[in-house]
Visitor: 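The structure's right below; bear with me while I get my questions together.
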Amino acid sequence: MTRTVLLRALTKNKFVASNAPRSISISISITNLSRCISTLIIAEHESGSIKPQTVSAVVAANSLGENSSISLLLAGSGSSLQEAASQAASCHPSVSEVLVADSDKFEYPLAEPWAKLVDFVRQQGDYSHILASSSSFGKNILPRVAALLDVSPITDVVKILGSDQFIRPIYAGNALCTVRYTGAGPCMLTIRSTSFPVTPITADSESKKATISQIDLSNFKEDSVRKSRYVGSSTQDTERPDLGSARVVITGGRALKSVENFKMIEKLAEKLGGAVGATRAAVDAGYVPNDLQVGQTGKIVAPELYMAFGVSGAIQHLAGIKDSKVIVAVNKDADAPIFQVADYGLVGDLFEVIPELLEKLPEKK
C-alpha cells in the first residue's frame, strides 16, 4: 500500500518530471572553462550509415554556443566505414569536419581501443567538449575516456543552457538537476537523443558537405594487454523501425507469460508500422532480447503513440516513456500505476484485446 501511494505521488498529473520538475543545482568546481568552443562527437554507425542518435548529438552541440566548430569521429574498417563517412559529411550543415580512423583495431566498438583513440584525437585537436549519445555505445566508451582524462562526465543531458551549464534527470526522471561544469579538462557529455529531435534537411543544406580527413594512426599506441575481447553480436532481420526513433512503440510486459505469446506484440507492431518494446521483467524472463528493453536501464523512447500491454508501470519503466505524446495502456489490474500516466486506458485481458485489435485493424499500407 505504501509503495502504491508513493508511486502515485511521484506520477500524479501526467509527467510531473517534465512539467513541474524540482530544481537542483550542482557545481563541479575546478577551474573556468575559457577556451573557444570546439566539439568532438563520437559517431555511431552501422552498415555504412550514421545512426540518428549521432545526428541528435550534433543538434545538441549547436546549443553550446554560436560559431562553434563540430567534428565527427568515425572509426572502423572497410568500405562501410567510408560509406558512413560520406554520409556523415552531409548529415547536418553544422558539421565542419569528419575524422576517419580506418584500422582493424576499431572493427568492433570495444571501450579500450576507442577510448585511447578519442584521447589521441583530442590531443591533436584540443577540443573543449566531447559528446556521445546516451546509447549503449556512448555509455560504454565515454566514461572510460573521462577516466583517462581524469574529468567528471555529465551523463544523459536533456537540455543545454550554455557551454558550461546543463540539465539532466535524476531520481528516475522525477527531478531535473542543473549542473555547471567548471573543469580544466574537456567537458564530456552524453546526450539523450529524444530530447534533441532532428529537423529534416533542406535541399540547400544537402549541398553543403564537411571535409573528410583520414587520421594518421602511425603514432597511435594501444594498451599491451586488453581486458576485454569481442565475442560476437546478433541482429534481428526485421523491417520494423528502430526502437529509439520509432513514431509508434508497442510494448509487452511479463503478463504475456511466454515467448510464443509475445509474438502477438510483434504482429500488432507490424500492423501499426511500429517498433517492439519490452519491460525489464519481460526481458529478464527471456521473452525478447535485452536491446528491446524500455526504461531507465533500457532505451528512452518518445514516440507519438506508445501502447503498453500487461505493463504494470514501475518507476524505472515510466522514466523511459514519459516524453511519449500519447500513452495507451491495457492491463487487467485497474489499480496498475501505468493508468496514472496513460492518456487512454483499458481494464481488460490482453489475450482478448490484442487478437481483437489484430482482427479489426487494417493492414499497414
Side-chain angles (χ1 to χ4, degrees), residues 30-45 50 54-55 57-58 60-62 64-78 80-133 137-138 140-154 163-164 181 183-191 208-224 226:
I30 306 177
T31 60
N32 289 328
L33 185 69
S34 57
R35 281 176 297 202
C36 60
I37 298 173
S38 178
T39 305
L40 177 68
I41 297 176
I42 308 172
E44 187 175 358
H45 62 93
I50 292 293
T54 294
V55 186
V58 176
N62 278 325
L64 292 171
E66 297 180 358
N67 301 320
S68 62
S69 64
I70 299 175
S71 301
L72 290 184
L73 172 61
L74 278 75
S77 63
S80 64
L81 173 64
Q82 304 306 324
E83 292 173 7
S86 178
Q87 185 195 29
S90 57
C91 71
H92 198 280
S94 298
V95 177
S96 56
E97 183 182 25
V98 177
L99 303 173
V100 180
D102 193 343
S103 172
D104 292 339
K105 299 174 182 177
F106 313 114
E107 183 177 0
Y108 308 115
L110 296 176
E112 292 153 307
W114 278 66
K116 283 283 187 180
L117 174 64
V118 175
D119 186 26
F120 178 75
V121 173
R122 178 201 64 85
Q123 293 175 26
Q124 299 176 359
D126 193 29
Y127 297 96
S128 61
H129 294 74
I130 300 177
L131 272 65
S133 66
F137 172 84
N140 182 38
I141 296 172
L142 194 109
R144 190 176 183 90
V145 181
L148 288 175
L149 303 182
D150 194 25
V151 299
S152 297
I154 303 172
S163 62
D164 62 350
Y181 183 82
C187 181
M188 307 191 68
L189 313 170
T190 59
I191 301 298
K208 181 184 177 182
K209 288 193 175 183
T211 58
I212 300 176
S213 304
Q214 300 293 325
I215 299 173
D216 182 6
L217 298 172
S218 57
N219 295 323
F220 177 75
K221 295 181 180 179
E222 287 186 273
D223 292 332
S224 58
R226 284 193 181 183

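The figures here come from the full heavy-atom set of this structure, side chains too, leaving out hydrogens, waters and symmetry mates.
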Visitor: Mind checking what makes side-chain contact (heavy atoms from CB on, under 4.5 Å) contact with Ala57, not counting sequence neighbours?
Guide: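 side-chain contact (heavy atoms from CB on, under 4.5 Å) list for Ala57, sorted by chain: Ile41.
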
Visitor: Side chain to side chain donor-acceptor pair (under 3.5 Å) with Asn219: which residues, sequence neighbours excluded?
Guide: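 Once residues adjacent in sequence are excluded, Asn219 has no partner under the side chain to side chain donor-acceptor pair (under 3.5 Å) criterion.
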
Visitor: For the backbone of Ser38 and the side chain of Ser128, can you confirm whether one donor and one acceptor N or O come within less than 3.5 Å of each other?
Guide: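 Looks like yes, one N/O pair under 3.5 Å.
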
Visitor: What closest approach, in Å, do Ser152 and Tyr181 show between heavy atoms, and which atom pair accounts for it?
Guide: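 Where Ser152 meets Tyr181 most closely, the heavy atoms are O-CE1, 3.8 Å.
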
Visitor: Any chance you could measure Cys187, atom SG, to Asp164, atom CG, to the nearest 0.5 Å?
Guide: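 Answer for the SG-CG pair, Cys187 versus Asp164, is 8.0 Å.
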
Visitor: Quick check: do Leu40 and Leu99 have side-chain heavy atoms less than 4.5 Å from each other?
Guide: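 Yes, their side chains come closer than 4.5 Å.
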
Visitor: Mind checking side chain to side chain donor-acceptor pair (under 3.5 Å) for Asn62 and listing every partner two or more places apart, or none if nothing turns up?
Guide: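 Per chain and number, Asn62 pairs via side chain to side chain donor-acceptor pair (under 3.5 Å) with Ser94.
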
Visitor: Hey, could you give me the CG/CD1 distance between Leu131 and Ile191, rounded to the nearest 0.5 Å?
Guide: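 If we round to the nearest 0.5 Å, Leu131:CG and Ile191:CD1 are 4.5 Å apart.
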
Visitor: Could you pull out the closest heavy-atom pair between Gly138 and Thr190, with the gap in Å?
Guide: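 Reported closest heavy-atom pair: O-CG2, 4.5 Å.
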
Visitor: So, are Arg122 and Asp119 salt-bridged, with charged N and O less than 4.0 Å apart?
Guide: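 Between Asp119 and Arg122 there is a salt bridge, with a charged N closer than 4.0 Å to a carboxylate O.
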
Visitor: Specify the closest pair of heavy atoms between Ser68 and Ile37, including all atoms of both residues, with the distance to one decimal.
Guide: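 Scanning both residues, the minimum pair turns out to be CB-CG2, 3.4 Å.
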
Visitor: Is the shortest heavy-atom distance from the side chain of Leu142 to the side chain of Val118 under 4.5 Å?
Guide: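 Not touching, per the 4.5 Å side-chain cut-off.
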
Visitor: Provide the closest heavy-atom pair for Ile212 versus Ala85 in the form atom of the first, atom of the second, distance.
Guide: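 Where Ile212 meets Ala85 most closely, the heavy atoms are CD1-O, 3.7 Å.
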
Visitor: Using a 4.5 Å cut-off on heavy atoms from C-beta on, say whether the side chain of Leu149 contacts that of Met188.
Guide: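 Side-chain contact under 4.5 Å: yes.
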
Visitor: Please enumerate all residues that pass side-chain contact (heavy atoms from CB on, under 4.5 Å) together with Ser86, with sequence neighbours excluded.
Guide: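 With sequence neighbours excluded, Ser86 shows a side-chain contact (heavy atoms from CB on, under 4.5 Å) to no residue whatsoever.
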
Visitor: If only atom types and distance count, is the side chain of Thr54 paired as donor or acceptor with the main-chain N or O of Glu44 below 3.5 Å?
Guide: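 Flag set: sc Thr54 to bb Glu44 pair under 3.5 Å.
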
Visitor: Who are the side-chain contact (heavy atoms from CB on, under 4.5 Å) partners of Glu107, not counting sequence neighbours?
Guide: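 Applying side-chain contact (heavy atoms from CB on, under 4.5 Å) to Glu107 gives Ser77.
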
Visitor: Between the main-chain N or O of Ile70 and the side-chain N or O of Ser96, is there a donor-acceptor pair closer than 3.5 Å?
Guide: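 The answer is yes, because a donor-acceptor pair under 3.5 Å joins these two groups.
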
Visitor: What are the two closest non-hydrogen atoms of Leu74 and Ala88, and how far apart are they?
Guide: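 Closest approach of Leu74 to Ala88: CD1-CB, 4.2 Å.
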
Visitor: Under a 3.5 Å distance rule, please check whether Trp114 uses its side chain to pair with a backbone N or O of Tyr108 as donor and acceptor.
Guide: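 Indeed, once roles are kept as given, a pair shorter than 3.5 Å links the two residues.
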
Visitor: Rounded to the nearest 0.5 Å, what separation is found between the CD1 atom of Ile141 and the CD1 atom of Ile130?
Guide: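 These two atoms lie 12.0 Å from each other.
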
Visitor: Within this structure, what is the NZ-CG distance for the pair Lys105 and Leu110, rounded to the nearest 0.5 Å?
Guide: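 Lys105 atom NZ to Leu110 atom CG measures 13.5 Å (nearest 0.5 Å).
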
Visitor: Not counting sequence neighbours, which residues clear ring pair (Phe, Tyr, Trp, His ring centres under 6.0 Å) with Phe220? List them please.
Guide: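 Once residues adjacent in sequence are excluded, the partners of Phe220 under the ring pair (Phe, Tyr, Trp, His ring centres under 6.0 Å) criterion are Phe106, Phe120.
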
Visitor: Please tell me if the side chains of Asn140 and Pro109 come closer than 4.5 Å, counting only heavy atoms from C-beta onward.
Guide: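 No, their side chains stay 4.5 Å or more apart.
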
Visitor: Where do Ser69 and Glu97 land on the side chain to side chain contact (heavy atoms under 4.5 Å, CB included) test, with the steps shown first?
Guide: CA-CA 8 Å; Ser69 64; Glu97 183 182 25; over 6 Å; no

Visitor: Determine the minimum heavy-atom distance between Ala101 and Leu117, stating which atoms define it.
Guide: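 Looks like CB-CD2, 3.8 Å.
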
Visitor: Let me confirm one number: the CD-CG distance from Gln124 to Asp216, rounded to the nearest 0.5 Å.
Guide: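 Reported to 0.5 Å precision, the distance equals 7.5 Å.
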
Visitor: Nearest 0.5 Å, what's the CD-CD distance between Gln82 and Gln214?
Guide: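 One gets 5.0 Å once the value is rounded to the nearest 0.5 Å.
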
Visitor: Within the side chain of His129, is there an N or O that forms a donor-acceptor pair under 3.5 Å with the backbone of Ser163?
Guide: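 Yes; judged by distance alone, with no hydrogens or angles, the pair exists.
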
